[in-house]
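Here is the structure we will look at, set down as structure tokens.
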Amino acid sequence: MNSTSSAPNQLEQLKKLTTVVADTGDFERMQAFQPQDATTNPSLILKAAQQSNYQALVQSVKDAHPGMSPTDLVDYILVAFGLEILKIVPGRVSTEVDARLSFDTKATVAKAKHIISLYESHGIDRKRILIKLAGTWEGIAAAKELEAAGIHCNMTLLFSLVQAAACGAANAKLISPFVGRITDWNKTKLGANWDDASHGGANDPGVTSVKKIFTYYKHFGIATEIMGASFRNTSQILELAGCDLLTISPELLAELQNSNAPVSKKLDAASAHAEKLSPLKLDESSFRLQLNNDAMATEKLAEGIRNFCIDTEKLEVLLAK
């Protein structure tokens, strides 16, 4: 029985070290990979809603709410996809609050409560839902309020240690640092000076960013879960084996499934305790200054919110037809 076909594939090996989450709105593709949880965002739902195999689902939501504005319908579409995903995954689904509310704490809290009420009206326990919020000061303040009300949050568009630290201080359930987008920014910045050999693997900027956050959280005993997200290749994923969770696209899940190369644990909480670290200052002005002084995090956060706003508007146009 020593043939390679009987050896566990990389996805199976990774699942022993890290909780694997599917990053897609395409729930039909998700089944093949048996993920624990699933994450969606406006861009992923827009992509899925345009596929012919999901037209009936989209139409059924529109038929159930005649005369409803496309803006209000978006929440029902997000929840409709979430309900289908929850039939597949044993754990949780992440559903995103309208990115246009990223700088409005009060409106974000109201929208999150509305989304939770829609899930609960279908008999879904709120423990199985993570509300996705942008890692802005206002989004993090909303998370603090929502967590106190028993509504768990997944803090997204997260590119810096200060965002992560503030989310931890707010008792957010989970953060999603965006590995690939951090690397993209650094690649663009370095241009011809980027070298895959020296800037890839363990030195990948997105990977090192998540390692820093992991070390900070484990060192200070922060309970917030860390879920690496937005991967560009399997190397980035494997360098973060041992992270609490990793959310992975179907394309990269398939690559992991098709390889039998060994996977080893790269992140270890025990070694984080030995590090000498000082806690970051996290009042509002300190937070804003630290974020402002991180050009990559500032630019990628702004760009991420803009793009989610654009895709939400495209989804509204689709629903208006």
Side-chain angles (χ1 to χ4, degrees), residues 7-21 23 35-37 39 90-92 94 127 130 135 140 143 147 152-156 158-180 182-183 198-231 233-248 252-253 256 259-282 290 294 297:
N9 64 48
Q10 287 191 314
L11 182 57
E12 289 165 337
Q13 295 177 69
L14 186 63
K15 283 181 179 178
K16 292 192 169 73
L17 302 169
T18 290
T19 299
V20 170
V21 180
D23 194 15
Q36 173 66 23
D37 296 350
T39 52
R92 307 168 294 190
S94 292
K127 287 194 193 75
L130 290 171
I140 296 167
E147 290 287 355
H152 292 318
C153 300
N154 169 355
M155 305 308 292
T156 185
L158 199 134
F159 303 98
S160 64
L161 183 58
V162 70
Q163 285 175 290
C167 291
N171 296 315
K173 183 71 175 171
L174 183 144
I175 60 166
S176 298
F178 276 21
V179 178
I182 293 173
T183 305
S198 57
H199 297 114
N203 299 321
D204 182 294
V207 168
T208 56
S209 177
V210 176
K211 284 180 182 169
K212 263 188 207 143
I213 292 168
F214 183 89
T215 302
Y216 187 92
Y217 270 25
K218 305 309 175 189
H219 181 85
F220 290 111
I222 295 166
T224 300
E225 300 167 30
I226 304 165
M227 179 169 73
S230 117
F231 292 104
N233 52 59
T234 57
S235 166
Q236 291 176 331
I237 294 165
L238 298 172
E239 286 296 340
L240 293 174
C243 193
D244 301 333
L245 309 95
L246 296 172
T247 184
I248 306 169
L252 292 176
L253 286 169
L256 291 167
S259 169
N260 295 92
V263 175
S264 58
K265 189 174 185 178
K266 295 294 174 87
L267 298 189
D268 185 28
S271 60
H273 297 301
E275 298 278 337
K276 284 189 167 60
L277 294 176
S278 303
L280 298 182
K281 280 185 74 177
L282 297 172
Q290 288 170 80
D294 184 334

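Model, not experiment: these values are computed from the prediction.
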May I have the step-by-step check of side chain to side chain contact (heavy atoms under 4.5 Å, CB included) for K266 and V207, ending in yes or no? CA-CA 11 Å; K266 295 294 174 87; V207 168; over 6 Å; no
Ignoring hydrogens and angles, tell me if any N or O in the side chain of Y216 forms a donor-acceptor pair with the backbone of A164 under 3.5 Å. no
Heavy-atom side-chain contact between Q36 and P90 under 4.5 Å: yes
Minimum heavy-atom separation for I213 and P177, please, with both atom names. CD1-CB, 4.1 Å
Do D37 and P35 come within less than 4.5 Å of each other through their side chains, counting heavy atoms only? no
Looking at every heavy atom in both T208 and A202, which two are closest together, and how far apart are they? CG2-O, 3.4 Å
For the residue pair G135 and I140, what are the closest heavy atoms and their distance? O-CD1, 3.9 Å
Is there a donor in the side chain of S94 and an acceptor in the side chain of N154, or the other way round, less than 3.5 Å apart? yes
For K15, check salt bridge (Lys or Arg N to Asp or Glu O under 4.0 Å) against everything at least two apart and list the hits. none
How far apart are the closest heavy atoms of A241 and S264, and which atoms are they? CB-O, 3.4 Å
Rounded at 0.5 Å granularity, tell me how far CD in Q13 sits from CG in L256. 10.0 Å
Only counting residues at least two apart or in another chain, list the ones meeting ring pair (Phe, Tyr, Trp, His ring centres under 6.0 Å) with F159. F178
Strictly distance-based, threshold 3.5 Å: is any side-chain N or O of E147 a donor or acceptor partner for the main-chain N or O of C153? yes
So which of L246, D204, L240 actually passes side chain to side chain contact (heavy atoms under 4.5 Å, CB included) with V210? L240
Any donor-acceptor N/O pair, E12 side chain to N9 backbone, under 3.5 Å: yes
For the backbone of V162 and the side chain of Q290, can you confirm whether one donor and one acceptor N or O come within less than 3.5 Å of each other? no
Using modelled atom types only, decide if a donor and an acceptor are shared between the side chain of T18 and the backbone of G242 within a distance under 3.5 Å. yes
Does the H152 side chain pair with the main chain of L130, one donor and one acceptor, at a distance under 3.5 Å? no
Closest heavy-atom pair and its distance - C167, L158: SG-CD1, 3.8 Å
Side chain to side chain, F231 and D23, heavy atoms closer than 4.5 Å: no
Show every salt bridge (charged side-chain N to carboxylate O under 4.0 Å, His left out) that has at least one partner inside residues 211-226, sequence neighbours left out. R92-E225, K173-E225, K218-D244
So how far is it from L174 CG to T224 OG1, rounded to the nearest 0.5 Å? 8.0 Å
N/O donor-acceptor pair under 3.5 Å between S230 side chain and G180 backbone: yes
At their closest point, which heavy atom of A297 faces which heavy atom of S160, and how far apart are they? CB-CB, 3.7 Å
Verdict with reasoning, Q10 to T234, per side-chain hydrogen bond (donor to acceptor under 3.5 Å, both in side chains): CA-CA 10 Å; Q10 287 191 314; T234 57; 5.2 Å; no
Can you find a heavy atom in the side chain of I248 that is under 4.5 Å from one in the side chain of L14? yes
Report the distance from atom CG of L252 to atom CG of L11, rounding to the nearest 0.5 Å. 11.0 Å
